[in-house]
Amino acid sequence: MTSKSEQIVVTKDLKKTYKADGIRVEAVRGVDLTIEAGEFSAIVGPSGSGKTTFLNIISGLDTPTTGEVWLKGQLLTKLNDRQLSDLRRDNIGFIFQAYNLIPVLTVEENIEYIMMLQGVPKLERHKRVLSILREMGLEGLEKRFPPKLSGGQQQRVAIARAMVSRPTLILADEPTANLDSTTGTGLLKIMKELNQHRGMTFLFSTHDPMVMDWADRVITLKDGHIEKDERKN
Amino acid sequence: MWFYIKLAWRNIFRNKRRTIIASTAIGIALACLLFFDSVMIGMEKTMVESATATFLGDAEIHRKGFRDKQEPDLTINNLAEVTHSLSEEKIVDRFTLRTLSIGMITSPENVESVVMVGVNPKTETYLSTVNDAVTKGNFFKGDSTRDIVIGADLADILHVTLGDRVVVTVSQAKGGDLAQELFIISGIYTTGVKEMDSGMVFVRLPKAQAMLGIPGQVHEIAVKFTDIHYASNDKLFFWNKYSQNGNEAVSWGTLLPQLKGVSKFTGVLRFVMSAILMFLVLFSIINTLFMSLYERLFELGVLRAVGTKPWGVIKLMLSEAGALGVLSIIVGLTIGLIVTGITTVVGIDYRGIEFAGTTIQHLLYPVMKPFQFIVYPIGLFIFTIIVGLYPAFVAARMSIVDAIHKSL
């Protein structure tokens, strides 16, 4: 394998089979895909098409049955649990559908957690948290606990948490699913700006046509393989 | 680590009711252990004091063989030298001389076997509580050589009371001839110790020596130390020093081995109580941590997904176990201090109950020792952490995908 410096994610003949209630399920059936730096892409497809399993594998949360997956040139199947943790910490930002902020941590603590794992000094963490909260329009909320925020505010905190450590790739699972269209559009706008101005790579898993409209590339999965891969000009 | 402790502390209060129930259960168990331990120490102290203060003394010196045979010939060797030396001992507070002989006491109504004790009333009052236990008459306040003080139970057996006459018969030293003397009852005592109240009579020392044919000689020197703990020190030079020239010096522990066994018995009970506490901790901590774990499996999955290593999850779970342990310790120490503290002042009434051959004569006051409030809580905390390892490892080894099921 040659250098994949511009290629953030590369998969080769990726397959994943598992058993659910005793039934063998072929969730991913030989996916070859490359995600390049700076992409704003969406993986779409009906339920059971393999989106979730595919994203779990490329983020190092799950392992493929066969095939290879590289993240920033590192072959994930060769890494152990600790190395995968470090890889995710330093390279991937996660945005979950249900926000999934830690409710007993304040907004500031939620956002600085990954930086803390990275060993960023406290002062620097604080500076970066305040800066990103300003950028997200969440100024003054740093001491609030998540349950005291609206859904839109919580999702913005989740985006802030995902990007504050300056990851290579941000994986967003249905980020607009629990939001109204105005809030959803606002968040997509923020993410698009981050993509354009900071060169962050975004990969969405979604059903939302609005997300597909914003995406530069739409990859359609069906029955575990890529049915369509469209790039917009 | 501080971050995990902060997070753990906040996490355990997410379900306040569960945390309060778990910490109260463990806390009460700790309080019970503290209380029980204090009662045991107090009981041991009370029993030893009861046994030694009533008659025994902290230590006794006899001629070797006397304790087994009780023969009147076996008087203490070099008595003058021994008593002189004892009076010079810094660790000896008081001592008294006694003769001891088995004999018969006869009243017009009945006859009973007794131990006749020849005592020096002045020094005896410092070593035994018979003087204080006299309920009728007095303890040799008159100057009659025929005064005798007997127990209330014996008085009932003999159908006698104050001022009545009784005859005591003993066998003399050197030949075993019988000697008889008439005495007039000058005092009746009740110690609560059955053997004493029904089988021990006190006469003046010179009278007893004369009856036994051992003028100037005694069978026993009862010793009271400046601190009773000297009696428990087997390496004390005192024992060797006074176990020479055919004599032997022994502590109350040797004289009343059953009482010494109480210490071992309380040790076993303490172990049982500790085991019960540990089981409570085991189930409470495991139950609480697993319930907490499964309630927020998704959160732990998210923490792992964003880069927390398995060791980070272990630290978090152990911090939660530790936080629960600290909370339980605070509850336990508070309840333990209040309950035990009150009973150390008020006391527990076990008077009259016989245990290990000793009748408890005073209110039982639990004794609190600093080690209880250090060793037990620290032990509990360490055990809590050890128990927390199980749910911690389960959490650390869980599949991230399963934890955040249906997310990514």
Side-chain angles (χ1 to χ4, degrees), chain A residues 16 18 43 47 51-63 80-106 109-110 112-118 122 145-147 158 161-162 164-165 167 171-174 177 203 205, chain B residues 1-16 18-19 288-289 291-317 319-320 322-324 327 392-408:
Chain A
K16 178 70 180 182
Y18 59 85
I43 295 180
S47 292
K51 303 190 300 288
T52 300
T53 309
F54 180 71
L55 288 191
N56 282 341
I57 293 170
I58 64 167
S59 59
L61 297 178
D62 204 354
T63 51
N80 62 28
D81 200 4
R82 286 172 53 88
Q83 290 167 322
L84 284 171
S85 295
D86 287 343
L87 186 89
R88 288 195 299 271
R89 181 195 66 194
D90 297 334
N91 295 290
I92 303 174
F94 290 92
I95 300 169
F96 300 93
Q97 178 179 338
Y99 329 133
N100 296 313
L101 301 169
I102 308 298
V104 292
L105 295 181
T106 62
E109 288 164 342
N110 264 289
E112 73 171 349
Y113 179 70
I114 299 168
M115 288 190 286
M116 206 188 67
L117 293 178
Q118 289 175 323
K122 192 174 173 61
F145 286 93
R161 179 179 67 179
V164 76
S165 60
L171 295 176
D173 173 49
E174 301 281 8
L203 183 58
S205 156
Chain B
M1 191 63 201
W2 175 241
F3 177 84
Y4 289 112
I5 292 170
K6 186 168 68 177
L7 183 56
W9 196 252
R10 290 179 192 170
N11 270 334
I12 65 165
F13 284 106
R14 284 168 78 169
N15 190 329
K16 287 193 184 75
R18 187 174 60 211
T19 300
T288 306
L289 288 188
M291 283 173 76
S292 164
L293 170 67
Y294 288 117
E295 267 174 16
R296 53 198 177 84
L297 205 56
F298 202 105
E299 271 173 48
L300 287 166
V302 170
L303 288 179
R304 288 282 283 116
V306 299
T308 308
K309 292 191 178 76
W311 174 236
V313 174
I314 290 173
K315 278 196 283 190
L316 175 62
M317 294 301 285
S319 299
E320 286 187 27
L324 201 58
L327 202 64
F393 275 100
V394 170
R397 291 169 61 91
M398 72 187 172
S399 149
I400 305 173
V401 173
D402 289 343
I404 55 173
H405 189 57
K406 289 177 185 170
S407 176
L408 271 179

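The basis for the numbers below is simple: all heavy atoms, side chains too, and nothing from hydrogens, waters or symmetry mates. Just so we're on the same page: letters track the sequence lines, and every chain starts at 1. Fair warning: this is a prediction, and the values are worked out from it, not measured in the lab.
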Notebook entry, point to check: When you look at CZ of A/Arg82, are more than 12 heavy atoms from neighbouring residues, nucleotides or ligands closer to it than 6.0 Å?
Noted result: no
Margin query: If the condition is side chain to side chain donor-acceptor pair (under 3.5 Å), which residues does B/Lys315 pass it with, not counting sequence neighbours?
Written below: none
Note to self: Can you tell me which portion of A/Tyr113 sits under 4.5 Å from chain B's heavy atoms? Options are side chain, backbone, both or neither.
What the structure shows: side chain
Note to self: Is A/Asp62 close to chain B through its backbone or its side chain, or both, or neither, when contacts mean heavy atoms under 4.5 Å?
What the structure shows: both
Item checked: Residues that B/Ser319 engages under side chain to side chain donor-acceptor pair (under 3.5 Å), provided they are two or more places apart -> none
Margin query: Can you tell me which portion of A/Leu105 sits under 4.5 Å from chain B's heavy atoms? Options are side chain, backbone, both or neither.
Written below: both
Notebook entry, point to check: Pick from A/Ile92, A/Asp86, A/Leu87: which one has the most heavy-atom pairs with chain B under 4.5 Å?
Noted result: A/Asp86
Notebook entry, point to check: Is it the backbone or the side chain of B/Ser399 that comes under 4.5 Å from a heavy atom of chain A, or both, or neither?
Noted result: neither
Item checked: Salt bridge flag under 4.0 Å for residues A/Arg161 and A/Glu112 -> no
Notebook entry, point to check: How about B/Phe13: does its CZ atom have over 12 heavy atoms from other parts shown lying under 6.0 Å from it?
Noted result: yes
